[in-house]
Amino acid sequence: MTVRAAGYVIVRKIQSTYEYLLLQASYPDYHWSPPKGHVDPGEDEAQTALREVEEESGYKKDDLILHNFEQVQKYVAHGNPKTVVFWLAELKDPGKDVTLSHEHKDYRWLPCTEACNLAKFQETKDLFEACEEFLKSISTN
């Protein structure tokens with residue numbers, strides 16, 4: 001059975017640079033990733049993504065500008081097929097603090113290149129790069 005999950009890549013704009021929110025898992029291997037989590041019974045991916053963002057970062061939907069970006073990732077995790085849907089959102093107030101849950105031990109805001117360097121998984125790096133391209137395309141319009 002395929003595990004379903006969803007989340008948001010959260011960015012904030014500082015001057016002309018987008019910074020990406022990465023959360024560090026509180027369990028080994030302590031990897032860094034955007035807020036995401038498993039789809040609960042009765043939820044769809046969009047509901048899951050917003051719930052997980054609020055649980056893991058403290059940001060509510062009203063704190064975010066939701067962009068028209070979506071990426072679906074399919075891979076094997078812990079021996080099981082997994083599908084994760086990510087969307088992109090921008091923090092309305094770039095100075096608003098993160099409120100971590102017990103699931104994470106640290107967070108960082110980093111430009112795309114540094115976020116990719118910190119991310120362990122290639123899927124996460126590809127996701128950040130796709131978000132960066134999308135953000136560049138809408139900022140020139």
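Annotation for A119 and F128: closest pair CB-CE1, 4.3 Å, computed over non-hydrogen atoms. Closest approach of A46 to W87, counting heavy atoms only: N-CH2, 3.6 Å. The shortest heavy-atom contact between G58 and D63 is O-OD2, 4.2 Å.
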Do L64 and I10 pass the side-chain contact (heavy atoms from CB on, under 4.5 Å) test, and can you show the C-alpha distance, the side-chain angles, and the key distance before you say yes or no?
CA-CA 8 Å; L64 306 170; I10 308 294; 4.0 Å; yes
Salt bridge (Lys or Arg N to Asp or Glu O under 4.0 Å) for K60 and E54? Distances and angles first, verdict last.
CA-CA 5 Å; K60 295 178 168 58; E54 186 171 348; 3.6 Å; yes
Evaluate the criterion side-chain contact (heavy atoms from CB on, under 4.5 Å) for residue pair L135 and L88; output intermediate values, then yes/no.
CA-CA 9 Å; L135 291 166; L88 174 63; 3.9 Å; yes
Could you check D40 against R51 for side-chain contact (heavy atoms from CB on, under 4.5 Å), going step by step and ending with a plain yes or no?
CA-CA 10 Å; D40 285 344; R51 175 181 55 75; 3.3 Å; yes
Dump the intermediate steps for side-chain contact (heavy atoms from CB on, under 4.5 Å) on T48 and H38, then the final yes or no.
CA-CA 7 Å; T48 297; H38 294 116; over 6 Å; no
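Between K125 and E129 there is no salt bridge, since none of the side-chain N atoms of the basic residue sits less than 4.0 Å from a carboxylate O of the acidic one. Salt-bridge annotation for E90 and R12: absent, with no side-chain N of the basic residue lying under 4.0 Å from a carboxylate O of the acidic one.
Hydrophobic cluster membership differs between L22 and F121, with clusters built from Ile, Leu, Val, Met, Phe, Trp and Tyr side chains linked at under 4.5 angstrom.
In this structure, a donor-acceptor pair under 3.5 Å is present between the side chains of H31 and D29. Q71 and Q73 form a side-chain donor-acceptor contact under 3.5 Å, judged by distance and modelled atom types alone. Checked by atom type, the side-chain pair Y20/E114 shows no donor-acceptor distance below 3.5 Å.
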Output side-chain donor-acceptor pairs under 3.5 Å for residues 98-110, partner residues at least two apart or in another chain, one line each.
| from | atom 1 | to | atom 2 | distance (Å) |
| --- | --- | --- | --- | --- |
| S101 | OG | E103 | N | 3.1 |

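Around the NZ atom of K92, the shell of radius 6.0 Å holds more than 12 heavy atoms that belong to other residues, nucleotides or ligands. The environment of CG in N68 is sparse: at most 12 heavy-atom neighbours from other residues, nucleotides or ligands sit within 6.0 Å.
T2 places none of its side-chain heavy atoms less than 4.5 Å from the side chain of K82.
In this structure, SG on C116 lies 14.5 Å from CH2 on W32, to the nearest 0.5 angstrom. Note that CG of L118 and OG1 of T113 are 12.5 Å apart. Values are rounded to the nearest 0.5 Å.
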